[in-house]
Asks: 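Handing you a structure now.
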Amino acid sequence: MDFQPILDEINDELRPRLGQVGGKVASYIPALARVSPQQFGIALRTCAGDTAAAGDAAVPFSIQSMSKVFSLTLAIRSLDEALWDRIGREPSGSAFNSLVQLESERGIPRNPFINAGAIAVADRLVSLGDAKAELLAMLARLCGEPIPIDAEVARSEADTGFRNTALANFMKGFDTLDNDVAEVLDVYFNQCALSMTCEQVACAAGYLCRDGRHPLAGTPVLSPAQARRVNALMLTCGTYDAAGEFAFRIGLPCKSGVGGGIMAVVPDRLTLCVWSPALDPTGNSLLGRQALELFVAKTGLSVF
Ligand SMILES: NC(=O)CC[C@H](N)C(=O)O
């Protein structure tokens, strides 16, 4: 299939919708509030290594919660089954930064993709070593080039991360966090502030459509079973309380971030990344969502 004309068509169709009613750039992180909503990019990389891109696919943006896929990958590589002692695998049905379930579920987050779950993953990574350096090294290997952390975004997250601080302290209070809260949050805020382009994300996520094999080298990043599980979690939990709607309308494992990016996997075929900063009320990119719907409609690619 020649994907380039399809991505061009999607770009042409969606550009006029930039600035449409209902979309709002994330404002609770001041450094993200300054990003222009007038941007849209889409990029993909196939299992054979072919690429296609359109729009602002080469513009770096804050990957935010898409980083949770990469931190989860690192943690699974080291801990495998032991990771699940203190992290669940069920959709939360509530907002990504919700506190309510942690209370009744005694400090065990529902899944690794809500904020509480990703903070719990960061805690495990801190126990294993220099989490920030490991994450940067893994991403550099996956992309074939170094990936920067946007220091201003990281600072902005730390300055205004009141809910995340509350989540971490709550878990600490339940004894489900091993390390110092500040140290764990530093990893979490920095991973959210990783800055990547759609093209880089589409490449880096490539192990997810290749049964865990490295997108450039072909060596194992995850075992086939582990890669399948990450995909399953993306499908059921990757877009928070919109996961059902994403499965219904798009039918691909997806992971979104409040920077406006969404990565998606077509197993055995390709990985793609869309980006447009304005979000819908569930914290998922409004145009990104529409782009994925168009992509699936035009290509017929879906896991269902
Ligand atoms: N959904 C997201 O992308 C949330 C990430 C953001 N850094 C936060 O912690 O709130």
Side-chain angles (χ1 to χ4, degrees), residues 23-35 37 60-72 91-102 109-123 125 131-132 135 149-171 177 181-182 184-196 198 201 205 233-234 236-243 245-246 254-264 273-289:
K24 272 185 74 189
V25 173
S27 56
Y28 71 103
I29 300 170
L32 293 185
R34 291 194 283 276
V35 176
F61 63 93
S62 188
I63 72 166
Q64 292 294 315
S65 282
M66 289 198 296
S67 67
K68 294 170 182 172
V69 171
F70 301 120
S71 59
L72 176 67
S92 68
S94 52
F96 59 86
N97 53 9
S98 174
L99 262 157
V100 286
Q101 281 162 351
L102 267 190
R110 273 284 170 102
N111 67 66
F113 291 152
I114 49 173
N115 286 11
I119 292 168
V121 170
D123 177 58
L125 293 178
K132 231 190 292 179
L135 205 51
I149 290 173
D150 183 327
E152 192 199 345
V153 174
R155 222 175 6 255
S156 192
E157 298 248 3
D159 289 347
T160 58
F162 307 112
R163 294 185 77 113
N164 289 322
T165 307
L167 289 167
N169 277 306
F170 215 65
M171 288 190 278
L177 215 64
V181 165
V184 173
L185 286 175
D186 181 59
V187 170
Y188 176 72
F189 291 143
N190 275 280
Q191 74 175 67
C192 288
L194 282 158
S195 183
M196 295 174 76
C198 287
V201 174
L233 287 164
M234 287 170 70
T236 52
C237 314
T239 49
Y240 316 113
D241 46 337
E245 194 64 14
F246 264 75
C254 291
K255 183 74 206 84
S256 60
V258 291
I262 308 175
M263 66 162 90
C273 178
V274 293
W275 169 59
S276 193
L279 309 176
D280 68 15
T282 63
N284 296 298
S285 171
L286 191 64
L287 235 58
R289 230 171 139 147

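Whatever order the structure lists ligands and atoms in, that order sets their numbers, starting from 1.
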Asks: Considering only heavy atoms from C-beta outward, does the side chain of F170 approach that of L99 to under 4.5 Å?
Replies: yes
Asks: Side chains of C192 and Q64, heavy atoms from C-beta outward: is any pair under 4.5 Å?
Replies: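 In short, these two side chains touch, coming nearer than 4.5 Å.
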Asks: Can you see which heavy atom on A131 is nearest to which on L125, and at what distance?
Replies: CB-CB, 3.7 Å
Asks: Do D150 and S195 get their side chains close enough for a donor-acceptor pair, meaning under 3.5 Å?
Replies: no
Asks: Do Y188 and K68 come within less than 4.5 Å of each other through their side chains, counting heavy atoms only?
Replies: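 Side-chain contact under 4.5 Å: yes.
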Asks: Would you please name every residue forming a ring-ring contact (aromatic ring centres under 6.0 Å, His included) with F96, sequence neighbours left out?
Replies: Y240
Asks: Could you tell me, for ligand 1, which of its N or O atoms are under 3.5 Å from any protein N or O, listing the pairs and their distances rounded to 0.1 Å?
Replies:
unit_1	atom_1	unit_2	atom_2	d
ligand 1	1 (N)	S65	OG	2.9
ligand 1	1 (N)	Y240	OH	3.0
ligand 1	3 (O)	S65	N	3.1
ligand 1	3 (O)	S65	OG	2.7
ligand 1	3 (O)	V258	N	2.8
ligand 1	7 (N)	Q64	OE1	2.5
ligand 1	7 (N)	E157	OE1	2.8
ligand 1	7 (N)	E157	OE2	3.1
ligand 1	9 (O)	N115	ND2	3.1
ligand 1	9 (O)	N164	ND2	2.8
ligand 1	9 (O)	Y188	OH	2.7
ligand 1	10 (O)	Y28	OH	2.6
ligand 1	10 (O)	N115	ND2	3.2

